[in-house]
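Encoded as structure tokens, the structure appears first; notes follow it.
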Amino acid sequence: MQMTLIKNTDTGAALAYKIARVVYAQTGANTLLGVEALTSMIKNLSDASGTDIYSIVTDKNIFDALCTDSARYSRLSVPANNRGFQMCVRVARRMLSGGLVDMCFGATRFHNTDVLPSWAVARGYIADIDGMLFYL
């Protein structure tokens, strides 16, 4: 019997899962509004900077959950069948298809309220959503 390896060539699905994993790690999927706001910020940053979305969601300078010493790092290993993670996947797919409304008022930067990065000290935030502050 001959076996054939079937490969998933849907790069959009892979990107949606990558975005969802980072958004879940950063937000804990506490609320739909928080997930939509952070996913919107990713899109806004991509549009404003001309940087591809994959490069944004793999940037440790933007998402502290990607750093091994972060308290959020362990959330990156969320099981694929987790309900909160599945919500993040649906929102990421909506964003990639152009169906997600900007929920963070054009913001291109953010941080969680439990940290204060040096870049945020002299700036005023434009939105406080689900424990995250968003900036232009």
Side-chain angles (χ1 to χ4, degrees):
M1 174 182 356
Q2 176 126 10
M3 298 184 79
T4 304
L5 178 64
I6 300 171
K7 295 182 180 180
N8 183 358
T9 57
D10 184 358
T11 56
L15 182 57
Y17 270 77
K18 183 67 176 175
I19 295 165
R21 220 162 263 292
V22 171
V23 170
Y24 180 86
Q26 209 63 54
T27 66
N30 291 326
T31 67
L32 177 60
L33 179 59
V35 168
E36 288 177 334
L38 188 56
T39 306
S40 295
M41 191 277 316
I42 293 167
K43 177 75 167 125
N44 293 344
L45 180 56
S46 176
D47 291 346
S49 67
T51 304
D52 65 281
I53 290 174
Y54 182 84
S55 296
I56 291 170
V57 297
T58 57
D59 190 337
K60 293 179 181 182
N61 294 316
I62 299 172
F63 300 103
D64 71 319
L66 298 173
C67 300
T68 56
D69 60 345
S70 170
R72 296 176 184 84
Y73 181 78
S74 64
R75 291 183 189 163
L76 290 170
S77 300
V78 62
N81 64 349
N82 177 286
R83 288 181 69 172
F85 176 68
Q86 286 301 312
M87 175 177 64
C88 294
V89 170
R90 288 189 301 273
V91 172
R93 285 183 174 157
R94 266 189 15 237
M95 182 263 286
L96 290 171
S97 70
L100 181 63
V101 176
D102 183 359
M103 301 299 288
C104 63
F105 312 102
T108 57
R109 301 286 307 250
F110 91 104
H111 66 83
N112 292 80
T113 55
D114 62 345
V115 296
L116 182 60
S118 58
W119 62 261
V121 174
R123 299 172 95 169
Y125 60 89
I126 59 167
D128 181 350
I129 302 170
D130 198 24
M132 295 175 288
L133 301 177
F134 292 88
Y135 300 77
L136 292 175

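Start at 1 with the first residue, then count along the sequence.
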Which residue pairs pass the ring-ring contact (aromatic ring centres under 6.0 Å, His included) test with at least one member in residues 31-54, sequence neighbours excluded?
none
Could you note down all residue pairs passing ring-ring contact (aromatic ring centres under 6.0 Å, His included) where residues 79-99 supplies at least one of them, sequence neighbours left out?
Y17-F85
Would you check if [X] and [Y] make a side-chain contact, meaning some heavy-atom pair closer than 4.5 Å?
X	Y	value
S40	L100	yes
L15	L96	yes
R93	I19	no

Full working for side chain to side chain donor-acceptor pair (under 3.5 Å) between Y135 and H111
CA-CA 9 Å; Y135 300 77; H111 66 83; 2.8 Å; yes
Can you tell me if [X] uses its side chain to pair, donor with acceptor, with the backbone of [Y] under 3.5 Å?
X	Y	value
D59	N61	yes
R123	L136	yes
N44	T108	no
N30	T27	yes

Is it true that K60 and D64 have a side-chain N and a carboxylate O under 4.0 angstrom from each other?
no
Checking one residue: L116. Which other hydrophobic residues are in its cluster under the side-chain 4.5 Å linking rule?
V121
